[in-house]
2 protein chains.
Amino acid sequence: MRTIKMNPSPTISDVAKAAGVSTATVSRAFSRPEMLREETVIQVRFHATRLGYLPNLAARALSTGRQGNIAIVVPDIANPFFPPLLKAAQTAADLAGYSVFLGDSDEDPEREQRLVNKLVMQVEGFILASSRMPNKQILELSERQSVVLINRDTPGLPRVLIDTVAGINAAVAHLAELGHRSLVYISGPAASWSDQQRRSAVSSAAVLHKMKLESVHARHPSFDAGREITSAVIGMDVTAAITFDDFVAHGLLAGLAEQGVVVPRDFSVIGCDDVLGASTYPALTSVSARCDEAGRMAADLLMSNLQMDKRDDTRCLLETWLVVRDTTAPAPDSSLSRAKKKAHPKSAIGTPGVMRMRSTV
Amino acid sequence: MRTIKMNPSPTISDVAKAAGVSTATVSRAFSRPEMLREETVIQVRFHATRLGYLPNLAARALSTGRQGNIAIVVPDIANPFFPPLLKAAQTAADLAGYSVFLGDSDEDPEREQRLVNKLVMQVEGFILASSRMPNKQILELSERQSVVLINRDTPGLPRVLIDTVAGINAAVAHLAELGHRSLVYISGPAASWSDQQRRSAVSSAAVLHKMKLESVHARHPSFDAGREITSAVIGMDVTAAITFDDFVAHGLLAGLAEQGVVVPRDFSVIGCDDVLGASTYPALTSVSARCDEAGRMAADLLMSNLQMDKRDDTRCLLETWLVVRDTTAPAPDSSLSRAKKKAHPKSAIGTPGVMRMRSTV
DNA sequence: TCTTGCCATGCAACCGGTTGCATGGCAAAT
DNA sequence: ATTTGCCATGCAACCGGTTGCATGGCAAGA
């Protein structure tokens, strides 16, 4: 353990001195080399690399107003829905020469606002994924900065939406086809656009198929919350559940198993987001989407807005589909009572928006 | 779609004008309020918030040399090992007032170096998680900046290591106790310190328990790579596998299932990192650790180094343990041949470093 | 009432780049 | 040989803060 002084990085004027030119020439050797004699550029670059010179982006930002940074804010990095999205966005940004700040709001609107404030002067734009901030604050922000939203449908702003309506419709149709006459929707965060969309999609699909619809709220999109609402679900006289996300579904599966309810024989479960994939047991039927695609598109949208110096309000929908695995089966004779297990009807294969997957384990 | 001009943010001099004071006073009202009359501070702050003033951190960094940013670089955000770590680190940094840059090197040392170069002037320090860069470059970097490593054991630098030795020992002991006489280690990225550590820990534990040890390399820490090496494993005349991580284990489980090998009756599998938890089927026995803890510690270590303006070389070990679930069972009579299934010996419970989990689904 | 001293505030240089404009030198044109 | 014109480079102001030092005003002490 020792006190140290980091050797200060060489600056543009160190390089200038070494190369026997002015700082302006050094600057141009990097940012506008076509203005200089080729020989000069080579000289300057030579001394720069020899000294280990790296341009100070903060200083550059100060004079150009272009930071070369963007920020991505998500409600919960640890939710597997986001990492692929983050990765894709970061890759796209990197390709365009941008660096990315990461913010985790922990599902808290105030913390999200504080994060945004801390970052706003250091970035050229924001990607807000599943933002929990009120519309007013988002619009305010968008007057200073380019903003692209993911899974939040605020008119006037560019946004990438994972359109679960198709997937949910397929899910409800799938249940109806299996003979279910009732289901429960287990809802997620109230501030979540996705939850609102899913809730209303389930609702109208239930009407269409003349199914009885109940609803329960999971206090948090997590395994534990899913397990907690199990008793409520069991007491509800329904034969199937569609949950806000895969975690709630996973928790519910665990809760049902504990109570001796056999899935899918006694009860069918469908998740959303398809992030657990085939790794649950039984392998979870889920509404799936390319969430990495959402990240990439949002980043590209932001980047192109920055380069064009314009603002559009593209509303970009990403399609979803149902992946049928092993948690859905024909309805039992009565809700949550024993029923003989039947094979999955083959009719599900080939239905539009439905994909039958072989369980991987 | 319209071209817009973002209204420029108010600067310190706008506030100064509005409040009828100098820019120095505005600056001090924020950074050193105790130097000013209380009344002045209130006045300045009032006008600042009225105008929506937010300090320009890049400008501040330029004159103070303190950016208020750190960077975290990981080889693969989408690998579930990292998100909890990232989240914990980001939370700790945020608490200390720092913002965080995120870099994904995609397992590529050159890309990692490029990322680092782009960020080096904008941050006060780096957290490099499972860095794939050569030691030389890491040490070079550490002369300019504070660096904290995760899962990389470079002497002279502060580092947080998830010490899988204890967990691996427990894993091998567990297999030995179940009557296995042979096993294969399925290795991961060659540049990974964790892989080296795990490989050598398996090796010495195998010697200790007089077990035959084979080894296969998975080209990538992923499900697919795990599935790919299945045939190699089957051809190997061993009765158990320990894999570099849970993904490889998951892939292997899938591959074995496809080939009709029943786990754990015919073959036992143990993963590492415990990121899939109970969600595989059968629920995976795995070497577990608090990886969020690693992120938090690394962030705290970095932060304290920055504030003390010193550099230590703390070597911080995080313990691991074996979580026994449903992929390990007594050895079959001969390798990969049928054997009657026995119950798990209760003796595993209570062995130090071993934890018996009820499968959650 | 005049001096002393402190405290609140302002001035101006500086951090490390960028860039509009000025300048000087050399080649081509006259 | 002189003029013209362009191209490569330098000068210096500026981006938005911070901070050492100077200054002015007011209160306390003489």
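A, B, ... follow the sequence lines: proteins, then strands. Residue 1 opens every chain.
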- When the distance from CD of B:Gln122 to P of C:dG17 is rounded to whole Å, what number comes out? 12 Å

- Task: May I have the distance from B:Arg28 (atom CZ) to C:dA8 (atom P), rounded to whole angstrom?
- Result: 11 Å

- Item | Note: B:Asp104-B:Arg111 ion pair, threshold 4.0 Å (strictly below) | no

- 5'-most contact on DNA chain C (nearest-nucleotide basis), B:Met121 vs B:Thr23, goes to B:Thr23

- Item | Protein-nucleotide distance (A:Asp14, atom CG; C:dC15, atom P), rounded to Å | 11 Å

- Query: Taking CG from B:Leu62 and P from C:dG16, how many angstroms apart are they, rounded to a whole number?
  - Reply: 7 Å

- Query: Is there side-chain contact between B:Leu149 and B:Trp193, with heavy atoms separated by less than 4.5 Å?
  - Reply: no

- Answer yes or no: is there a donor N or O on one side and an acceptor on the other, between the side chain of A:Arg152 and the main chain of A:Met133, under 3.5 Å? yes

- Side chain of A:Glu124, backbone of A:Gly68: donor and acceptor closer than 3.5 Å? yes

- Item | Test: A:Arg296 and A:Asp292 ion pair at under 4.0 Å | no

- Whole-Å distance between D:dT9 C1' and A:Arg32 CZ? 14 Å

- Any donor-acceptor pair under 3.5 Å from B:Asp14 side chain to B:Thr11 backbone: yes

- What residues 33-51 of chain B contributes to the DNA chain C interface at heavy-atom separation below 4.0 Å is B:Met35, B:Leu36, B:Arg37, B:Thr40

- Side-chain donor/acceptor of B:Ser27 to backbone N/O of B:Thr23, under 3.5 Å: no

- Query: How sharply is the helix from C:dT1-D:dA30 to C:dT30-D:dA1 bent, taking the axes over five pairs at either end and rounding to 10 degrees?
  - Reply: 50°

- Start at the 5' end of DNA chain D and walk down; is the nucleotide closest to B:Ala58 or to B:Ala24 reached first? B:Ala58

- Which of parallel (below 30°), tilted (30 to 60°) and perpendicular (above 60°) describes A:Tyr53 and A:Phe30? tilted

- Examine D:dG10: is either OP1 or OP2 under 4.0 Å from a nitrogen or oxygen in the side chain of A:Thr25? Give yes or no. yes

- From CZ of A:Phe30 across to P of C:dT18 the rounded distance in Å is 10 Å

- Measure from NZ on B:Lys17 to P on D:dG17 and round the result to the nearest Å. 13 Å

- Query: Is B:Arg114 salt-bridged to B:Glu110, going by a charged N under 4.0 Å from an acidic O?
  - Reply: no

- Task: For B:Ser27, answer base if it contacts any base atom (sugar-phosphate contacts may also be present), sugar-phosphate if it contacts only those atoms, and nothing otherwise; contact means non-hydrogen atoms under 4.0 Å.
- Result: base

- Ignoring hydrogens and angles, tell me if any N or O in the side chain of B:Asn151 forms a donor-acceptor pair with the backbone of B:Ile162 under 3.5 Å. yes

- Query: Taking atom C1' of D:dG16 as reference, at what distance in whole Å does atom CG of A:Asn56 sit?
  - Reply: 14 Å

- A:Val21 near the nucleic acid: base, sugar-phosphate alone, or nothing, with a heavy-atom cut-off under 4.0 Å? sugar-phosphate

- Query: With respect to the phosphate group of C:dG17, does any side-chain polar atom (N or O) of A:Ser63 fall under 4.0 Å of OP1 or OP2?
  - Reply: no

- Message: Under 4.0 Å from OP1 or OP2 of C:dG16: is there any side-chain N or O of A:Thr11 that close?
- Response: no

